[in-house]
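One structure below.
Side chains included, hydrogens not; waters and symmetry mates left out as well; all remaining heavy atoms used.
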Amino acid sequence: MGIGIIGTGSYLPYLRLSNRDMEIMVETSDEWIITRTGIKERRICPKGMASSDLGFEASSKAIEDAKIRKEEIDFIICATITPDMFFPSTACIIQKKLGLKDIPCFDFQAACSGFIYGLEIARGLILGGNYKKGLVVASECMSRLTDYTDRSTCVLLGDGAGAAIVGVSEEDGIIDTFLASNGKYDNLLYTPAGGSLNPISFDIIEQRKNFMKMEGSTLFKIAIYSMSEAVNKILKKNNLKKEDISLIIPHQANLRIIAGVAKSLDIPMEKFFVNIEKYGNMSAACVPIALDEAVKEGRIKKGDIILTVAFGAGLTWASNLIRWIK
Ligand code: ACO
């Protein structure tokens, strides 16, 4: 018995925020954003909608793609750093929107590495023997954590959701996973307030501490190093060469980070799936959206060995080694 991905789906809200729009909001330029990040536009979740709405749409598409009845889903797990609210979990709200009941549903977060962590959690739950199929959904409204007066972060972030149905399969689809984190770097990327340490107050809002803060240039270097390590370690452990991998689905934080990883691994850029120009950084949702697009564009075929790789706040970093079984 193996465990693999049997369906994928993604959803992007229709509102677009272009670099030209950003030029009106902060002191920046289309040219600066494109050359320093590769981003041309990002999607924004409209007012009144939330991560669960994006996650519901992506999940519905994944269920359709897997050609299963939604009632066959045995659990729902949701990776998000932008839940609809502290509680109940966004996974439970997605469950309600899908019209499912009685199955276990919970959120977890590993920031941008969330979906990769999620595939391993799903694999573990199914290996435990109590479940046969699970929904892993990563849904983010990063616009809600974005300070649109801070040009060093606001140009980077966008909203979206991606989902996968993981299930028992004849072949081993999720071959292996590498997961890592280092809490020592918690101050490089974080939202200072809004949690139990600094609850929301008038002062907090005035000081804009409810928005994401980031040390971009330090993170940039760590990102290249840690993503390269996540690829090298999983290949070595599984006795594979980089030539055995047909496509790499990286987290989309910055095109220059992806190029840096490609250079450090000595793997051509053509082997990296890139869609950052359309959506920017959607945290945990980047990898499953890119995976779904790569499949739908015919970049992944049955039998291909592919890699996901990401890094994010925590810091966390991770990779999955996947055999495409569909
Ligand atoms: N437009 C114009 N100028 C800008 C902008 C902007 N949007 N943002 C910053 N600058 C300026 C800076 O103020 C600085 O000016 P100065 O030299 O006068 O001080 C100059 O550009 C260079 O700034 P750097 O920060 O050195 O620029 P860099 O080339 O490093 O690019 C960036 C910045 C894009 C943020 C990059 O560091 C990066 O991508 N870092 C990693 C981000 C990341 O991956 N975050 C983690 C994921 S996010 C998440 O997990 C949710």
Side-chain angles (χ1 to χ4, degrees), residues 8-17 21 41-64 70 73 75-101 103-115 117-118 134-148 153-154 156-165 189-196 199-200 204-205 208-212 252 278-290 292 312-313:
T8 57
S10 57
Y11 181 77
L12 283 310
Y14 61 87
L15 281 179
R16 289 161 198 258
L17 192 62
D21 297 325
E41 60 177 26
R42 54 302 279 146
R43 301 297 183 92
I44 303 296
C45 180
K47 209 175 161 195
M49 284 178 73
S51 292
S52 69
D53 295 299
L54 311 187
F56 162 72
E57 298 289 348
S59 301
S60 302
K61 290 184 183 183
I63 293 166
E64 196 184 325
K70 61 185 181 182
I73 293 170
F75 61 83
I76 300 173
I77 58 173
C78 180
T80 183
I81 56 170
T82 51
D84 287 24
M85 50 192 100
F86 274 138
F87 62 88
S89 71
T90 301
C92 280
I93 302 171
I94 292 173
Q95 176 196 25
K96 180 180 80 172
K97 289 179 176 166
L98 284 171
L100 296 174
K101 54 181 184 177
I103 54 171
C105 302
F106 63 93
D107 288 359
F108 62 98
Q109 67 116 316
C112 305
S113 311
F115 181 77
Y117 271 64
L135 166 62
V136 183
V137 49
S139 189
E140 302 280 23
C141 290
M142 293 306 291
S143 61
R144 308 306 200 245
L145 288 183
T146 301
D147 183 349
Y148 286 102
T153 54
C154 72
L156 303 172
L157 303 161
D159 302 340
I165 306 291
L189 183 55
Y190 69 119
T191 302
S196 55
I200 291 293
I204 290 288
I205 290 175
R208 309 189 78 77
K209 285 185 175 168
N210 52 318
F211 294 122
M212 191 186 103
Q252 316 275 320
K278 295 190 285 185
Y279 312 129
N281 183 349
M282 300 168 288
S283 187
C286 280
V287 167
I289 290 172
D292 185 49

First locate atom [atom1] of [X], then atom [atom2] of [Y], and finally report the distance between them rounded to the nearest 0.5 Å.
X: Lys97; Y: Phe56; atom1: NZ; atom2: CZ; result: 8.5 Å
X: Leu12; Y: Cys45; atom1: CG; atom2: SG; result: 11.0 Å
X: Glu140; Y: Leu54; atom1: CD; atom2: CG; result: 10.0 Å

### Query
Taking the side chain as C-beta and beyond, is there a heavy-atom pair between Leu98 and Ser60 under 4.5 Å?
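The answer is yes; the side chains approach within 4.5 Å.
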Sub-3.5 Å donor-acceptor pair from the side chain of [X] to the main-chain atoms of [Y], do we have one?
X: Arg43; Y: Tyr279; result: no
X: Lys61; Y: Ser10; result: yes
X: Ser139; Y: Ser51; result: yes
X: Thr80; Y: Thr82; result: yes

Which heavy atom of [X] sits nearest a heavy atom of [Y], and at what distance?
X: Met212; Y: Met142; result: SD-CE, 4.1 Å
X: Gly48; Y: Asp53; result: O-OD2, 4.4 Å
X: Ile165; Y: Leu135; result: CD1-CD1, 3.9 Å
X: Ala91; Y: Asp107; result: N-OD1, 2.8 Å

### Task
Answer yes or no: does atom NZ of Lys278 have more than 12 heavy-atom neighbours from other residues, nucleotides or ligands under 6.0 Å?
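Check passes, neighbour count above 12.
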### Test log, rule side chain to side chain contact (heavy atoms under 4.5 Å, CB included), inputs Phe211 and Thr146
CA-CA 6 Å; Phe211 294 122; Thr146 301; 5.6 Å; no
### Query
Between Asp159 and Ser143, is any side-chain donor less than 3.5 angstrom from a side-chain acceptor?
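Indeed, the side chains of Asp159 and Ser143 share at least one donor-acceptor pair under 3.5 Å.
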